[in-house]
Participant: 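There's a structure below that I have some questions on.
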Amino acid sequence: MEIEYASDKVRLQCTSVKAANRLFGGDAALTKSLLSRINALCSADNIKDIIVQPAFRFHDLKYKKGRNLEGYFAIDVKSVREPWRIILQPLNNHKQPYDPCNIHEIAQYVKIVEIAEVSKHYE
């Protein structure tokens, strides 16, 4: 699968051990897990390969602090016990968001995702 990044900062956090380590306050286990998740996204043929893996806990998002996140999804960086999530949005072949984004209908066709952020989404 192809990965786009919402910003250079997000790209660096997802591809650099040093930047990821800084993001997680030196937690090497979280850093390793994030880079492993990014590798799994890159290795997947489509988003369905990620959805079917329970360890990723792929789930949709609705709102965060008044921000509409319809069409965005999250996967755990490490586990449900950790607050860190990778927030992503499926993109079509023209690198545009699906509208509407009925993920279970389009999952086998989604070959591009944009990572919007890596954050403690629920805090």
Side-chain angles (χ1 to χ4, degrees):
M1 201 161 39
E2 181 180 339
I3 298 180
E4 297 288 318
Y5 296 92
S7 68
D8 289 336
K9 179 182 175 183
V10 174
R11 177 188 306 277
L12 199 59
Q13 290 171 338
C14 293
T15 59
S16 163
V17 171
K18 184 177 178 180
N21 221 12
R22 193 174 326 116
L23 173 67
F24 298 127
D27 188 325
L30 281 172
T31 297
K32 182 178 176 182
S33 188
L34 172 63
L35 298 176
S36 176
R37 296 287 200 224
I38 298 302
N39 188 41
L41 285 167
C42 289
S43 298
D45 287 331
N46 55 51
I47 198 72
K48 188 173 184 178
D49 293 345
I50 301 301
I51 293 171
V52 299
Q53 295 186 43
F56 287 93
R57 210 174 68 80
F58 183 92
H59 56 284
D60 63 331
L61 301 174
K62 301 286 186 224
Y63 296 95
K64 178 184 179 182
K65 298 178 183 174
R67 190 171 133 211
N68 183 359
L69 295 174
E70 203 69 40
Y72 285 84
F73 301 86
I75 61 174
D76 296 338
V77 168
K78 185 175 176 189
S79 72
V80 71
R81 289 180 292 248
E82 295 285 345
W84 291 94
R85 305 289 179 265
I86 300 168
I87 311 303
L88 55 89
Q89 182 178 40
L91 302 177
N92 63 25
N93 291 338
H94 303 289
K95 298 187 180 179
Q96 297 298 314
Y98 284 90
D99 186 25
C101 187
N102 301 319
I103 196 65
H104 295 292
E105 294 175 13
I106 62 171
Q108 66 203 33
Y109 306 110
V110 176
K111 295 183 180 288
I112 306 170
V113 294
E114 179 182 73
I115 297 180
E117 64 185 51
V118 178
S119 65
K120 293 182 179 181
H121 179 73
Y122 296 103
E123 289 184 2

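Along the sequence shown, residues carry numbers from 1.
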Participant: Could you check whether any side-chain heavy atom of Ile51 comes within less than 4.5 Å of a side-chain heavy atom of Ile103, counting everything from C-beta outward?
Facilitator: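 Yes, at least one pair of side-chain atoms sits under 4.5 Å.
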
Participant: What's the separation between atom CZ in Arg85 and atom NZ in Lys120, rounded to the nearest 0.5 Å?
Facilitator: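 Arg85 atom CZ to Lys120 atom NZ measures 11.5 Å (nearest 0.5 Å).
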
Participant: Among residues at least two apart in sequence or on other chains, which ones pass side-chain contact (heavy atoms from CB on, under 4.5 Å) with Lys111?
Facilitator: Asn46

Participant: Quick one: does Ile112's side chain get under 4.5 Å of Asn92's, heavy atoms only?
Facilitator: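 No - every pair of side-chain heavy atoms lies 4.5 Å or more apart.
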
Participant: What closest approach, in Å, do Pro90 and Cys101 show between heavy atoms, and which atom pair accounts for it?
Facilitator: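 So the minimum-distance heavy-atom pair works out to CG-SG, 4.0 Å.
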
Participant: Not counting sequence neighbours, which residues clear ring-ring contact (aromatic ring centres under 6.0 Å, His included) with Tyr72? List them please.
Facilitator: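 If we apply the ring-ring contact (aromatic ring centres under 6.0 Å, His included) test to Tyr72, skipping adjacent residues, there are no hits.
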
Participant: Looking at every non-hydrogen atom in both residues, tell me the closest pair between Ile47 and Ala107 and how far apart they are.
Facilitator: CG2-O, 3.3 Å

Participant: Could you pull out all residues at least two apart from Phe73 that satisfy ring-ring contact (aromatic ring centres under 6.0 Å, His included)?
Facilitator: Phe58

Participant: Specify the closest pair of heavy atoms between Val118 and Trp84, including all atoms of both residues, with the distance to one decimal.
Facilitator: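 Closest approach of Val118 to Trp84, heavy atoms only: O-CZ3, 4.0 Å.
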
Participant: Over all heavy atoms of both residues, which pair between Tyr109 and Tyr98 is shortest? Give the atoms and the distance, please.
Facilitator: O-OH, 4.0 Å

Participant: Would you mind writing out the side-chain donor-acceptor pairs for residues 12-21 within the sub-3.5 Å range, not counting sequence neighbours?
Facilitator:
{"unit_1": "Thr15", "atom_1": "OG1", "unit_2": "Arg11", "atom_2": "O", "d": "2.7"}
{"unit_1": "Ser16", "atom_1": "OG", "unit_2": "Lys18", "atom_2": "N", "d": "3.3"}
{"unit_1": "Ser16", "atom_1": "OG", "unit_2": "Ala19", "atom_2": "N", "d": "3.2"}
{"unit_1": "Asn21", "atom_1": "OD1", "unit_2": "Thr31", "atom_2": "OG1", "d": "3.2"}

Participant: Only distances under 3.5 Å count here; give the side-chain donor-acceptor pairs of residues 36-43 to other protein atoms, sequence neighbours excluded, each with its distance to 0.1 Å.
Facilitator:
{"unit_1": "Arg37", "atom_1": "NE", "unit_2": "Asp76", "atom_2": "O", "d": "2.8"}
{"unit_1": "Arg37", "atom_1": "NE", "unit_2": "Val77", "atom_2": "O", "d": "3.3"}
{"unit_1": "Arg37", "atom_1": "NH2", "unit_2": "Ala55", "atom_2": "O", "d": "3.2"}
{"unit_1": "Arg37", "atom_1": "NH2", "unit_2": "Lys78", "atom_2": "O", "d": "3.1"}
{"unit_1": "Ser43", "atom_1": "OG", "unit_2": "Asn39", "atom_2": "O", "d": "3.0"}

Participant: Taking atom CG of Asn68 as the centre, report whether more than 12 heavy atoms of other residues, nucleotides or ligands fall under 6.0 Å from it.
Facilitator: yes

Participant: Which other residues belong to the hydrophobic cluster containing Tyr63, where Ile, Leu, Val, Met, Phe, Trp and Tyr are joined when side-chain heavy atoms lie under 4.5 Å apart, directly or via other members?
Facilitator: none

Participant: Compare every heavy atom of His59 with every heavy atom of Arg57, then report the nearest pair and how far apart it is.
Facilitator: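 Nearest heavy atoms, Arg57 then His59: O-ND1, 2.6 Å.
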
Participant: Please check if Ile115 and Leu23 belong to a single hydrophobic cluster, counting links between Ile, Leu, Val, Met, Phe, Trp and Tyr side chain heavy atoms closer than 4.5 Å.
Facilitator: yes

Participant: Keeping Asn102 on the side-chain end and Glu105 on the backbone end, is there a donor-acceptor pair under 3.5 Å?
Facilitator: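 Pair absent, no side-chain N/O of Asn102 close to backbone of Glu105.
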
Participant: Is Phe24 reachable from Leu35 through a run of I, L, V, M, F, W or Y residues, each pair having side-chain heavy atoms under 4.5 Å apart?
Facilitator: no

